[in-house]
Q: 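After the structure tokens below, expect a handful of questions from me.
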Amino acid sequence: MTSADARFLLAIESSCDETAAAVIDSGRHVRSNIVASQHELHRRFGGVVPEVASRAHVRHILPVIDEALRVAKLRFEDMSAIGVVTEPGLVGSLLVGLTAAKTLAWLLDVPLVTVNHIQAHLYACRMAADENVFPAIGLVVSGGHTHLFDCRSVVEYELIGATLDDAAGEAFDKAAASLGLEYPGGPAIERAALSGDPDALRFPRPMLSAGLDFSFSGLKTAVLYEFQGRPGGPPPPETSEQRVCDVAAGFQEAVVDVLVGKCERAVRERRREYLLVGGGVAANTRLRHRLSEMCRHEKISLVLSPREYCTDNAAMGAIAWESLERGHVAALDVDVTPGLLRARR
Ligand code: KG4
Ligand code: ZN
């Protein structure tokens, strides 16, 4: 592509607690990828506080967009389109990104393209592959979602399983809080688990042998009981650093068993030859290892999101190019859709 016909997309992401902007060219090359994380702000609450998140987005959104252009060595006038996540997420957070995106699209007179955050997590896998990876089973596993899709093409997704209660990442975050580990809990549990024995304590594998839906809230409570004791039961054993590590390892192994088991069932049932896995929890090394073992055994191809695109970012907003190329442009009065996709009952 010569610089004369290069086309650039500015993608904006603010659905939860990361303010992010990226510049991606039409060849899907990421020219810049800037993420301002709010972890420090939310840490003392042990989770994301929506009002705190939207106020931080307001402070960060313009500097983050400026930085994305600066790193890409481009100007606003070089942008051919603006992509923005409008669903799902926290309503106040989504509105900050959408307002910035609408303003830019109007000022620059370029198309506005809406992005579904969950589909973008799976698109991060597509970006890492240098071949067509569809049709595929796709698992998005993060703080807000645990969703299993049958993806017929890059834009056609059928929801075939979802969590009935907590998302897997949420369970990591809450289990970590019970263990006295810091937020976000996933990386903290992964670190602690390295020094733990996964067989020291046997945690339940919720719904492992039942369909394609998930449930993680019982597992999170099981960790809490290990530390506080069951209501009306005997007092728990004394806490030690080793016990924290053992519980972390046992909990992680239980979550990984369930996630890998459901993926295995889905690829078998749907006879798919590719498995795509994205979202924050997909950064987990144990999960990545166990998924690759399972896929080798099933003789299918595993396409993991690159680690840098697992947790929330705007580079995965490159999926906006797919919409744009299909003529899916949003009107400037488009609204956010905060609600999550729900499991079928
Ligand atoms: O995709 P993401 O940034 O935000 C949502 O869309 O929800 O995912 C954040 C989640 C948090 O719950 C965090 O604890 C989890 O991903 N996470 C991990 C790891 N890194 C982040 N969970 C397990 N292991 C990790 N290494
Ligand atoms: Zn996410």
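Just follow the structure's listing: the first ligand is 1, and inside any ligand the first atom is 1.
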Q: Nearest protein heavy-atom contact for atom 14 (O) of ligand 1: which residue, which atom, what distance?
A: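 It is Asp173 OD1, 2.7 Å.
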
Q: Specify the protein heavy atom at minimum distance from atom 26 (N) of ligand 1: its residue, its atom name, and the distance to 0.1 Å.
A: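 Looking at atom 26 (N) of ligand 1, the protein heavy atom closest to it is Glu190 OE1, 2.6 Å.
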
Q: Do any N/O atoms on Asn284 end up under 3.5 angstrom from N/O atoms on ligand 1?
A: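 Checking ligand 1 against Asn284, an N or O pair does fall under 3.5 Å apart.
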
Q: Within the structure, does Gly144 bring an N/O atom to less than 3.5 angstrom of an N/O atom in ligand 1?
A: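 Indeed, backbone or side chain, Gly144 has an N or O that close.
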
Q: Look only at interatomic distance and state if Gly280 has a nitrogen or oxygen under 3.5 Å from any nitrogen or oxygen of ligand 1.
A: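 Between Gly280 and ligand 1, an N or O pair is found under 3.5 Å apart.
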
Q: Give a yes/no answer: is there an N/O/S atom of His117 under 2.8 Å from the Zn ion (ligand 2)?
A: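 Here the distance criterion (N, O or S atom, under 2.8 Å) is met by His117, so yes.
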
Q: Which residue and non-hydrogen atom of the protein lie closest to atom 10 (C) of ligand 1, and at what distance in Å?
A: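 Scanning the protein heavy atoms, the shortest distance from atom 10 (C) of ligand 1 goes to Gly143 N, 3.3 Å.
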
Q: Give the residue and atom name of whichever protein heavy atom lies nearest to atom 23 (C) of ligand 1, and the separation in Å to one decimal.
A: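 Answer, as residue, atom name and distance: Gly186 CA, 3.4 Å.
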
Q: Give, for atom CG of Asp312 and atom CD of Glu13, the distance between the pair rounded to the nearest 0.5 Å.
A: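 Reported value, rounded in 0.5 Å steps: 5.0 Å.
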
Q: How about His147 and His121: are their ring centroids closer than 6.0 Å?
A: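 Centroid separation for His147 and His121: 6.0 Å or greater.
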
Q: Show which atoms of ligand 1 fall inside a sub-4.0 Å distance from at least one heavy-atom site of Cys310.
A: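 By the 4.0 Å cutoff, the relevant atoms are 1 (O).
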
Q: So if I count the atoms of ligand 1 from 1 in the order they appear, which ones are less than 4.0 Å from some heavy atom of Gly185?
A: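 Under 4.0 Å from Gly185, ligand 1 has these atoms: 14 (O).
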
Q: Identify, for atom 3 (O) of ligand 1, the protein heavy atom at the shortest distance, and state residue, atom and that distance.
A: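 Here the nearest protein heavy atom works out to Asp312 N, 2.9 Å.
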
